[in-house]
Amino acid sequence: MIPLRRTLSNVVQPKCLERTYDTDSLHSTGVVIIFHNEAWSVLLRTVHSILDNTPSRLLSDVILVDDASTLPDLGRPLDDYVLLLDKVKVVRMSARVGLMVSRNKGCLAVTGRVCVFLDSHCEVAQMWLEPLLERIRADDRILAVPATDYINSSSFQYTVIPGDQAMRGGMDLDLYFNWIPQSQTDNRRRGDMLNPMWSPTHLGCCFAVSKATFLHLGMYDPDLRIWGCENIELSFKIWMCGGRIEVVPCSHVAHLFRYMAPWSWGTDDPDLLSKNCLRVAEVWMDEYKVLYHDRIFNRQKELDFGDVSKRKDLRKSLGCRSFHWYVETVYPELYIPTGGSASGQIRNVRIKKLCVQSPVHRTDYGKRVGVAQCSKQALIQHFTLTKEQTIRRDDGCLDYDGKQWLVVTRCTSAGTWMYTEDNNIVHTATGRCLGLTSGQMSVVVVRCDHSAWTKWLWDRRTITLDHHNTD
Ligand code: UDP
Ligand code: MN
């Protein structure tokens, strides 16, 4: 019931609207929107918000790339509808190719100098494009990201994240995007909190990049399939090959965040995403790729991720910097879990099919940790006993709550643990053991009774980086 053209007010901070942009000097831009079975209203609301909020001089085209949708209204009815819309074109893929190849195709079809990639369920705000284009005019190698607002997937309510509170893009070592806080160093550099901030990665939903730069960097690896890790590939190569990712607080684009994709993967390969990320790790992460291998329980030899030699050649011909440089210079906040003493699944000895499992994001802090059927596809079963003696994955640690439960906490305040010779996981401060109770799917912290219920199998291995061997 929400109209295809809705007007949103109070999205952009007044201080941003006071800024002026010399539109005559900004590049013309094509917006690429790829989709597979997107809902009609959501797709067209995206298109109309662009047409309504973009100065005509700046908009060269809106390219809708249909990645072999099967919903009937996205066929002929869509063609008929866009006939009435200036600059909007539909490009059809004859078979499902996934988001990477669809976007490559879309950007190639753009006649302007900049490609803006938007998911098919976005809404852009007033003055969204100018601040992004200003950055690309300043330096063609900058990938410019808007402040990303939220559209609620059940109510379609629009939630504004004020520009000066925008977050930066980071990642977990499973190579999945996450939001990270602003950095003090970067805030000093940029002075005004409405000026662009430097960001290690970008969210895939919404960003602008010069077409020449995107092509120069070899676009997306065309052998990445369906969905996932392409934003990490692009983030690495933007930074490592001489560019920069900037989050531009005065540009607002909202993305519909949903819990489940409305599309199917079109394949029954449960390892597709891991294979995509393996390609990216293999080409871009040098000696650091073992961190990703560890995350997927060292299945890199068993998963056939295809030939990456062309992508390695590309990297070489572009003369890009090392991943070590990226970590040290661009993303020093990234936690590198080397030097620990155990890593992988934590498997109960009494019920061997059960492993400790929990998401550990900031939003999970305080939650109880459970167990689930052990599965090498469940990356949330991966934990490392770090050199600091914490049980950790990325920015989440597991700790005793003082009563009887194991909970997720932030790592700066997390308690320490020992993994003993006889397979107890002992909370250092209290001497209590990690345990499993029959009939419970929660992990408890109890008096050590030396039964199999309080014993665990955890691979005793240390992750090391070989900085000399970067091949
Ligand atoms: N998409 C596509 N082909 C695919 C998978 C996804 O064209 O095989 C499109 C999808 O319609 C959307 C974009 O890629 O416009 C990103 O997917 P999605 O929004 O589901 O990812 P999320 O934003 O949830 O990460
Ligand atoms: Mn999306």
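Ligands are counted one by one from 1 in listed order, and the atoms in each one are counted from 1 as well. What you see below is based on every heavy atom in this structure, not just the backbone, and it leaves out hydrogens, waters and symmetry mates.
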Working for disulfide bond (SG atoms under 2.5 Å apart), residues Cys205 and Cys122: CA-CA 8 Å; Cys205 72; Cys122 291; 5.1 Å; no

Test: Asp140 and Lys211 ion pair at under 4.0 Å: no

Between the side chains of His121 and Glu38, is a donor N or O closer than 3.5 angstrom to an acceptor N or O? yes

If you look only at pairs with a residue in residues 94-112, which of them pass as a salt bridge (Lys or Arg N to Asp or Glu O under 4.0 Å), with sequence neighbours excluded? Asp67-Arg96, Arg103-Asp119

Quick check: Phe214 with Tyr220 (ring centres under 6.0 Å apart)? yes

Using salt bridge (charged side-chain N to carboxylate O under 4.0 Å, His left out) as the criterion, point out the one residue from Asp307, Asp223, Asp304 that pairs with Arg279. Asp223

I'd like to check the ring pair (Phe, Tyr, Trp, His ring centres under 6.0 Å) partners of His216; sequence neighbours left out, ordered by chain and number. none

2.8 Å cut-off (strict), protein N, O or S atoms about the Mn ion (ligand 2): 3

Which protein residues come within less than 4.0 angstrom of ligand 1, counting heavy atoms only? Ile34, Phe35, His36, Asp67, Arg96, Gly98, Leu99, Asp119, Ser120, His121, Ile226, Trp227, His255, Trp263

Kindly state whether the ring of Phe236 and the ring of Phe323 have centres lying under 6.0 angstrom apart. yes

Do any N or O atoms from the side chain of Asp394 and from the backbone of Leu173 form a donor-acceptor pair under 3.5 angstrom? yes

